[in-house]
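Everything below concerns the one structure shown next.
Residues: numbered from 1 along the sequence shown. On a predicted model such as this, the values are computed, not experimentally measured, just so you know.
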Amino acid sequence: MHRSDRRRVLRGLAGAAALGTLGLPVRGRSVTPPQVVIAGGGFAGATCALALRAFAPDVRITLVDRQSRFVTGPFCNTVVAGMNPMSAITQDHEGLSAAGIKVVHADIEGVDPHAHRIHLTDGRRIDGDRLVIAPGIDFDWQAIDGYGPQHVDRIPHAWPGGETQLRTLRDQLRAMPDDGRVVISVPDNPYRCPPGPYERASLIAHFLSQHKPNAQVLLLDAKDHFSKEPLFRTGWGARYGERVQWRGGRRDGARVVEVDAKSRRVRTTGGDEYRADVLNIIPPQRAGRLAHDAGLTDAAGWVTVAPHDFSVPDHEGVHVIGDATHAEPMPKSAYAANMQAKICAHAIARELAGEPVADTRMINACYSLIAPDYGISVTEVYTLNGDTIAAIQNAGGISELAAHAPTREAEADYARSWYHNIVRDSFG
């Protein structure tokens with residue numbers, strides 16, 4: 001699809017994202033309106049709260065998250081590479097409070113899906129008529145020998161890991177030798193933000209090209225192919241030459257299976273060992289702790305949901321949205337979480353109003369930066385096919401492989417606009 005046609009599709013779908021008439025009346029207009037409680041205040045949880053406020057103004061909404069400030073995964077690589085300050089990717093929930101949503105910043109002990117209840121570590125509990133869980137991801141710390149949460153101070157995953165880990169990784173890059181090597185370990189699918197590790201390698205290479213002219217980046221990947229691979233490879237060749245190197249998991253035996261945290265050495269399935277001056281381990285992932293502890297995850301560690309409303313089968317009134325879900329072929333991305341949250345909120349509003357859930361389409365748009373002036377993107381459009389999500393053929397698009405410099409620069413500008421817009425749409 002031509003780029004201008006793709007933008008027209010996205011504009012049309014963005015308008016359709018309102019998903020029908022706003023302000024649906026709650027059935028019965030009871031003296032005490034129903035309450036929806038939301039566990040998690042990232043892109044999924046915050047978007048769901050704001051969308052529900054728009055779709056059902058009478059519903060009481062309480063969102064609980066331990067963090068008063070939320071460091072976003074999108075654009076975190078610009079902080080690692082020194083292109084942006086931490087403040088540029090740090091959001092809060094003031095927009096939700098201004099919209100009349102009750103925001104509680106507290107540690108969550110757990111959720112009770114049967115009682116639609118959130119338990120806080122201070123002993124309080126918050127009950128609702130509906131429970132929405134947006135727990136994000138957690139890491140499978142058993143997957144790589146020698147690497148666990150006790151090692152992140154020295155070897156950060158920074159995925160995004162909050163301010164401390166992002167700063168640690170950034171500072172390690174600044175302090176590394178001029179001829180040193182950065183090693184990034186990339187997990188197998190599924191994981192949060194499929195193109196993220198390759199954008200990180202790109203922007204680290206941009207930093208090195210300016211400050212460490214003889215340094216290199218090595219990606220050790222558990223996969224043989226990766227998101228936007230031809231576009232990334234073309235960009236690496238054009239901008240960084242041999243500075244960025246990649247090895248695949250099955251083809252090259254490059255999946256990392258062991259880490260020596262003290263020496264920053266890794267060993268792969270192929271038996272090779274690599275030493276890094278800066279080591280970035282991105283571990284395999286699963287649904288966040290709240291979903292796991294509540295018994296909502298399957299054997300693979302993710303939550304199966306009904307895609308028309310993101311409800312959990314056999315758990316009436318319980319919904320899970322965002323990265324924790326099985327929603328393939330939608331990726332685990334901020335835009336996908338935002339879209340899923342709107343679908344969920346609209347379905348809850350219609351059900352509370354005694355209306356049938358509406359059919360809709362979903363989209364995902366993903367921008368990546370290879371350099372500050374070099375952007376690439378991919379978009380997909382999805383529809384419901386019974387109880388599954390299906391990509392609509394030829395409805396999305398991807399950046400042209402042979403695009404000229406002005407196009408790459410324009411897409412980098414689009415990426416920055418995309419970030420500004422999704423943050424405003426999700427957090428108010």
Side-chain angles (χ1 to χ4, degrees), residues 34-49 51-52 59-67 70 73 93 101-143 149 159 190-192 283-328 330 332 336-338 340-341 343-345 347-348 351-352 387 389:
Q35 169 152 271
V36 177
V37 293
I38 302 172
F43 279 101
T47 300
C48 186
L52 191 58
V59 169
R60 295 174 297 147
I61 307 165
T62 299
L63 180 142
V64 185
D65 192 281
R66 65 181 178 84
Q67 303 178 99
F70 176 74
H93 296 119
I101 296 159
K102 183 178 180 181
V103 178
V104 178
H105 290 126
D107 287 326
I108 301 176
E109 177 71 24
V111 296
D112 182 344
H114 302 289
H116 302 161
R117 179 176 297 151
I118 299 174
H119 290 275
L120 306 183
T121 56
D122 61 10
R124 288 181 292 167
R125 67 185 194 187
I126 302 174
D127 294 344
D129 299 284
R130 295 290 182 110
L131 172 63
V132 179
I133 309 170
I137 58 99
D138 209 342
F139 296 109
D140 181 2
W141 294 112
Q142 308 302 315
W159 207 245
Y191 61 93
R192 168 184 281 169
Q285 294 159 33
R286 63 184 185 185
R289 175 187 64 83
L290 293 181
H292 181 268
D293 290 353
L296 301 179
T297 54
D298 60 17
W302 305 100
V303 182
T304 298
V305 293
H308 65 281
D309 64 355
F310 288 83
S311 61
V312 182
D314 302 322
H315 290 81
E316 185 176 355
V318 178
H319 308 257
V320 177
I321 52 178
D323 293 341
T325 65
H326 271 305
E328 290 77 6
M330 294 187 81
K332 299 183 186 302
N338 174 281
Q340 293 168 17
I343 297 293
C344 176
I348 291 173
E351 289 169 356
L352 292 175
D387 292 331
I389 300 171

Check against side chain to side chain contact (heavy atoms under 4.5 Å, CB included), I108 and L120: CA-CA 4 Å; I108 301 176; L120 306 183; 4.2 Å; yes
Steps toward side chain to side chain contact (heavy atoms under 4.5 Å, CB included) verdict (R60, K102): CA-CA 8 Å; R60 295 174 297 147; K102 183 178 180 181; over 6 Å; no
Closest contact, heavy atoms only, P135 versus V320: CD-CG1, 4.3 Å
Those residues that, when tested against A294, pass side-chain contact (heavy atoms from CB on, under 4.5 Å) (two or more places apart): V111, P113, L296
Sequence-distant partners of R124, side-chain hydrogen bond (donor to acceptor under 3.5 Å, both in side chains), two or more places apart: D122
With R66 via salt bridge (Lys or Arg N to Asp or Glu O under 4.0 Å) - residues at least two apart: none
Under the side-chain hydrogen bond (donor to acceptor under 3.5 Å, both in side chains) test, residues paired with D107 that sit two or more places apart: none
Step-by-step side chain to side chain contact (heavy atoms under 4.5 Å, CB included) determination, T62 to V104: CA-CA 7 Å; T62 299; V104 178; 4.1 Å; yes
Pairs meeting criterion salt bridge (Lys or Arg N to Asp or Glu O under 4.0 Å) with involvement of residues 287-302, two or more places apart: R289-D293
Atom pair CD1/CD1 of I133 and I38 - distance to nearest 0.5 Å: 11.5 Å
Partners passing side-chain contact (heavy atoms from CB on, under 4.5 Å) against P284 (at least two apart in sequence or in another chain): D140, A143, I144, P187
Nearest atoms (heavy-atom pairs only) where P307 meets I389: CB-CG1, 3.5 Å
Residue list, ring-ring contact (aromatic ring centres under 6.0 Å, His included) with H119, at least two apart or on another chain: none
All pairs passing salt bridge (Lys or Arg N to Asp or Glu O under 4.0 Å) where residues 305-318 contributes a residue, at least two apart: none
F139: ring-ring contact (aromatic ring centres under 6.0 Å, His included) partners, not counting sequence neighbours: W141, H157
Backbone N/O of G123 and side chain of E109: donor-acceptor pair under 3.5 Å: no
Check against side chain to side chain contact (heavy atoms under 4.5 Å, CB included), R125 and D127: CA-CA 7 Å; R125 67 185 194 187; D127 294 344; 4.1 Å; yes
Minimum heavy-atom distance between W302 and P190, given as atom pair plus value: NE1-CG, 3.5 Å
H326 side chain reached by V305 side chain, heavy atoms, under 4.5 Å: no
Partners passing ring-ring contact (aromatic ring centres under 6.0 Å, His included) against H315 (at least two apart in sequence or in another chain): H114
Closest non-hydrogen atom pair, I137 against Q285: CD1-OE1, 3.9 Å
Exam field: side chain H93 to backbone G41, donor-acceptor pair closer than 3.5 Å: yes
For the student: nearest non-hydrogen atoms of V132 and C344, plus distance: CG2-SG, 4.3 Å
Residues which pass side-chain contact (heavy atoms from CB on, under 4.5 Å) with A44, listed by chain and number, not counting sequence neighbours: A134, I321, A337
With sequence neighbours excluded, residues passing side-chain hydrogen bond (donor to acceptor under 3.5 Å, both in side chains) with R192: D323
Closest contact, heavy atoms only, G322 versus Q340: N-OE1, 3.0 Å
